[in-house]
Every structure is written in structure tokens, then in C-alpha cells.
Protein chains: 2
Amino acid sequence: MRTALAVIDRDGVAGLTMRKFGAELGVDPMAVYYYLPDKGALFDAVVEAVLDEVGLPEPAPGATWQSVVWDACQRLRTVLRRHPHTVPLIGTRPVLTPRTLASSDLLIRQLVDTGLSAPEGLRILTCARAYTLGHLLVEVGVPAGPPPEANVAPAEVMAAYPALAAGMAQGYDPDGQFDLGLRALIDGLGGR
Amino acid sequence: MRTALAVIDRDGVAGLTMRKFGAELGVDPMAVYYYLPDKGALFDAVVEAVLDEVGLPEPAPGATWQSVVWDACQRLRTVLRRHPHTVPLIGTRPVLTPRTLASSDLLIRQLVDTGLSAPEGLRILTCARAYTLGHLLVEVGVPAGPPPEANVAPAEVMAAYPALAAGMAQGYDPDGQFDLGLRALIDGLGGR
DNA sequence: ACCTGAACACCGTTCAAGT
DNA sequence: ACCTGAACACCGTTCAAGT
């Protein structure tokens with residue numbers, strides 16, 4: 001799976017081919033089918049490898065639910081920025097293996113330890129995870145298929161959209177932008 | 001593009017094939033290349049068609065920035081729920097055509113009219129859009145490649161993850177879950 | 001038990017050719 | 001100007017066969 005993930009990091013999801021995967025392993029491409037039923041299973045295995053890299057939250061004695069959620073989302077973001085092509089995969093393929101279930105279970109347990117109910121904890125986690133994945137999707141999202149030719153609108157085009165241009169004048173700081181929204185989301189969830 | 005979108009709705013993004021697209025139009029598959037340079041351009045055209053369906057915000061005289069953002073996200077969600085397969089496309093392909101730029105520009109102008117600065121408005125929009133797309137991705141996200149075989153963990157498996165099981169006991173209400181997070185995000189952004 | 005190789009039904013894209 | 005059809009270099013997957 002390290003090999004598969006490396007291929008995706010290099011060539012994108014569409015670039016991970018059963019045939020290329022076999023070749024990369026120095027094996028007949030069809031040998032893969034002895035271990036995996038189909039390409040979906042390969043994707044799921046990659047997703048699990050990435051989630052493994054995210055790892056488990058450390059037990060923090062003085063933690064609040066705010067800090068637990070904040071840390072979990074920052075950890076997820078850090079790892080997914082190393083594997084940008086996998087973001088749509090992570091958001092899209094529900095992997096229900098012991099390791100991923102145990103990770104969610106531990107997070108909820110930590111939230112319950114801070115005083116939340118389990119359903120409250122799950123709802124809050126779901127919100128924060130959605131925001132984190134969505135931000136990553138638009139931030140590092142790699143286009144499906146061939147990329148568009150012009151990625152940035154030239155200045156004379158933007159002149160026709162003054163409000164948008166004024167909004168973009170200060171530049172774009174991905175980390176600051178992400179933190180702003182996560183902070184706001186957690187703050188707002190406090191008044192639940 | 002209505003045809004292309006209909007094929008995606010029916011067969012998924014991977015199911016939209018240059019050859020099938022041509023056949024659906026009753027034309028030689030290669031005729032498409034007279035109008036579009038490659039498959040990426042076809043995706044971009046589909047994205048634009050979906051964003052057109054989202055349409056423009058109505059001018060609301062008594063609007064607050066909160067109501068403008070809320071309405072824009074709800075409109076986006078409503079349309080994307082009709083076209084679930086396009087969610088990763090929307091999040092991932094930046095389409096910089098006059099129609100989509102005009103739409104962003106109008107939204108920011110509405111936000112500025114409520115007293116925000118243009119950069120503030122853009123930051124808030126970016127947060128809300130990320131949350132909306134992320135929620136849609138995990139909510140309606142259609143797996144890339146063949147779907148996993150078992151989609152729901154059986155009860156006896158969940159017994160090993162009591163906190164998670166307790167969190168899921170009340171069931172999952174997508175609309176309520178989405179509204180909760182959007183409300184919280186907007187509330188939290190108020191303290192900026 | 002684990003791997004190979006041929007085969008089938010597909011892809012996106014190019015290019016010369018038709019009307 | 002607009003469309004066709006053959007061709008090329010790929011895909012995922014099946015299946016019989018090898019060791």
C-alpha cells in the first residue's frame with residue numbers, strides 16, 4: 001500500500017493503474033487480483049493507509065472538547081496535505097475496518113470524557129470533519145481529468161468583477177483561512 | 001451539456017465517456033473534439049452547467065450578511081443534491097468563466113452592502129463554501145471506482161465500539177446535521 | 001498457494017479523410 | 001464548417017494455465 005500511495009502521490013488517482021501498480025511491485029499486473037477483488041478494494045486500502053498515517057489522538061488530561069476537535073482536524077489536514085490526490089477518496093469511500101472504527105470510537109470517547117454526550121460528540125465531529133475535507137478539497141483539490149488551461153484569471157479579466165477583485169487583493173493564506181473557519185465553527189458549536 | 005450532465009447523473013463521472021457522450025448525441029464520438037479540446041473541457045462545461053442551475057442570489061433588501069451566506073449555501077446544497085456525482089468536480093475544477101465570476105462578484109457585492117469589507121466577505125464565503133462542499137462530499141459522496149461490498153457495519157461489529165455506537169444511536173439526519181454546522185459556522189464568524 | 005499470459009471489451013486522443 | 005473512421009496506446013477484469 002505504500003507503493004500504491006506513492007503512485008497516487010506522483011501520478012494522481014487516475015494514474016494508479018492495476019497494470020502500473022503490478023509493474024511497480026515487479027510483478028505481473030494480474031497478480032494483484034489474488035489479493036484484492038477489484039480496484040475499489042485497492043482504493044479502500046489506500047484510504048486506510050492514509051488514515052493510519054493520521055494516527056490516533058494523544059490522551060490529553062486537561063483537554064476540552066474544543067481542543068480535541070481542533071487537534072483532530074489539524075492532524076487530518078496535515079496528513080492530507082501530504083497526499084492531496086487522496087482527498088476525494090477519503091471523503092468518498094467509507095472504510096469500515098477495525099482500525100478506522102477504533103479511531104472514531106476513541107475520539108468520541110475523548111469528547112464524552114470532556115462532558116459531551118456521545119451523539120453531541122459525533123455531530124460536532126461530523127461538522128468539523130466536513131469543513132476540514134471541504135477546505136482541503138478546494139485548497140489542494142486536483143482536477144479530475146486533464147487540467148484546465150488557464151488557472152488564474154488575468155488582471156484585465158478581473159477588472160470586470162471589482163468586488164471579487166477587491167476581496168482577493170490581500171492574497172490568500174490557506175492556513176489562516178482554514179484556522180479562521182475551524183475556530184468559528186468550534187466557537188459557534190459552543191452555543192449548542 | 002444537458003446531455004452530459006444527464007449521463008453523469010445516471011452513470012457517474014467515470015461513466016461519462018467521450019464515446020458514450022457522442023453516441024448519446026447521435027453523433028460520431030470524435031465529433032465532440034471539434035467543439036472541445038479534451039475531456040477536461042467537457043468536465044468544466046458540466047461544472048458550469050451545474051453552477052448555472054444554482055443561479056444568482058435574489059436581491060433581498062433587508063438582508064444581513066448572515067442571511068446572504070445562509071441562502072447561498074442552501075441553494076448550492078439543493079442543486080448539488082440533485083447532481084451528487086458532480087460534487088468532487090465542483091470542488092476540484094476552478095471554472096473561471098464570465099458567468100461563474102459574475103456570480104461570485106454579485107455575492108461579494110451583496111455582502112459588502114451589509115457592511116462587510118470585500119476581503120471579509122470573501123473569507124466568510126470561502127469558509128461557508130468549504131463546509132458546504134465537504135458536507136456534501138461525505139453525505140452524498142459516490143465512491144470512486146467500484147463500491148465497497150459492505151456499506152454498513154453490522155450490529156455485532158459495532159458492539160466493539162461502544163462510544164461510536166452510542167453516538168449513532170439516534171440515527172442521522174442530513175439536513176439537520178448540515179444546518180447545525182452552517183448555523184454554528186456563521187454564528188462563530190460573527191465574532192471576527 | 002501464488003503468479004503468469006492471453007484474451008475481451010472497453011478507454012482518450014490523433015489524424016487523414018470525407019461532405 | 002462540420003463530421004467520420006481507422007488507428008494507437010492504453011484501461012479493468014476473466015480465465016485457463018503454469019509452478
Side-chain angles (χ1 to χ4, degrees), chain A residues 1-50 85-86 88-90 92-95 141-151, chain B residues 1-50 85-86 88-90 92-95 141-151:
Chain A
M1 289 317 133
R2 267 184 286 114
T3 303
L5 186 51
V7 173
I8 287 188
D9 287 340
R10 176 162 43 87
D11 301 334
V13 173
L16 177 60
T17 273
M18 296 302 257
R19 299 167 120 101
K20 201 194 284 180
F21 182 47
E24 210 91 13
L25 291 170
V27 102
D28 184 283
M30 302 308 121
V32 178
Y33 284 93
Y34 183 76
Y35 300 92
L36 298 172
D38 59 18
K39 205 180 177 186
L42 179 57
F43 284 157
D44 285 342
V46 168
V47 167
E48 190 166 13
V50 173
H85 292 96
T86 67
L89 245 40
I90 303 281
T92 240
R93 297 202 68 95
V95 177
V142 191
E149 21 199 89
N151 237 343
Chain B
M1 289 318 134
R2 269 184 284 116
T3 303
L5 185 53
V7 173
I8 286 189
D9 287 340
R10 177 162 43 89
D11 302 333
V13 173
L16 177 60
T17 274
M18 296 303 255
R19 299 167 120 99
K20 200 195 286 181
F21 181 47
E24 209 91 15
L25 291 171
V27 105
D28 186 285
M30 301 310 122
V32 178
Y33 284 93
Y34 183 75
Y35 300 92
L36 298 172
D38 58 17
K39 205 181 178 185
L42 179 56
F43 284 158
D44 285 342
V46 168
V47 167
E48 191 168 11
V50 173
H85 292 96
T86 66
L89 244 40
I90 303 282
T92 240
R93 297 202 68 96
V95 176
V142 191
E149 22 198 271
N151 237 342

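Quick note on labels: first sequence line is chain A, next is B, and so on, each numbered from 1.
The main-chain N or O of A/Thr17 is never found under 3.5 Å from a side-chain atom of A/Lys39 such that the two would form a donor-acceptor pair. The backbone N or O of B/Gly12 sits nowhere less than 3.5 Å from a side-chain atom of B/Asp9 that would complete a donor-acceptor pair.
For the pair B/Tyr34 OH and C/dA17 P, the computed distance is 19 Å after rounding to whole Å. Rounded to whole Å, atom P of C/dC3 lies 12 Å from atom CG of A/Leu36. Between B/Tyr33 atom OH and D/dC2 atom P there is a gap of 19 Å when expressed in whole angstrom units.
Under 4.0 angstrom from either OP1 or OP2 of D/dC3 there lies at least one side-chain N or O belonging to B/Tyr35.
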task: Apply salt bridge (Lys or Arg N to Asp or Glu O under 4.0 Å) to A/Glu24 and A/Arg10, showing your working.
output: CA-CA 12 Å; A/Glu24 210 91 13; A/Arg10 176 162 43 87; 2.8 Å; yes
Apply side-chain contact (heavy atoms from CB on, under 4.5 Å) to residues B/Leu5 and B/Thr86 and explain how you reach the verdict.
CA-CA 9 Å; B/Leu5 185 53; B/Thr86 66; 3.9 Å; yes
task = Determine, step by step, whether A/Lys20 and A/Asp11 satisfy the side-chain contact (heavy atoms from CB on, under 4.5 Å) criterion, reporting the C-alpha distance in whole Å, the side-chain angles of both residues, the deciding distance to 0.1 Å, and the verdict.
result = CA-CA 11 Å; A/Lys20 201 194 284 180; A/Asp11 301 334; 3.0 Å; yes
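When both distances must be under 3.5 Å, the Watson-Crick or G-U wobble mate of C/dC2 is D/dG18. The partner of D/dC8 is C/dG12, judged by Watson-Crick or G-U wobble contacts that both fall below 3.5 Å.
Classification of B/Arg93 and B/Glu48 as a salt-bridged pair fails, no side-chain N sitting under 4.0 Å from a carboxylate O.
Less than 4.0 Å separates DNA chain D from at least one heavy atom of each of the following residues of residues 17-30 of chain A: A/Thr17, A/Met18, A/Arg19, A/Met30.
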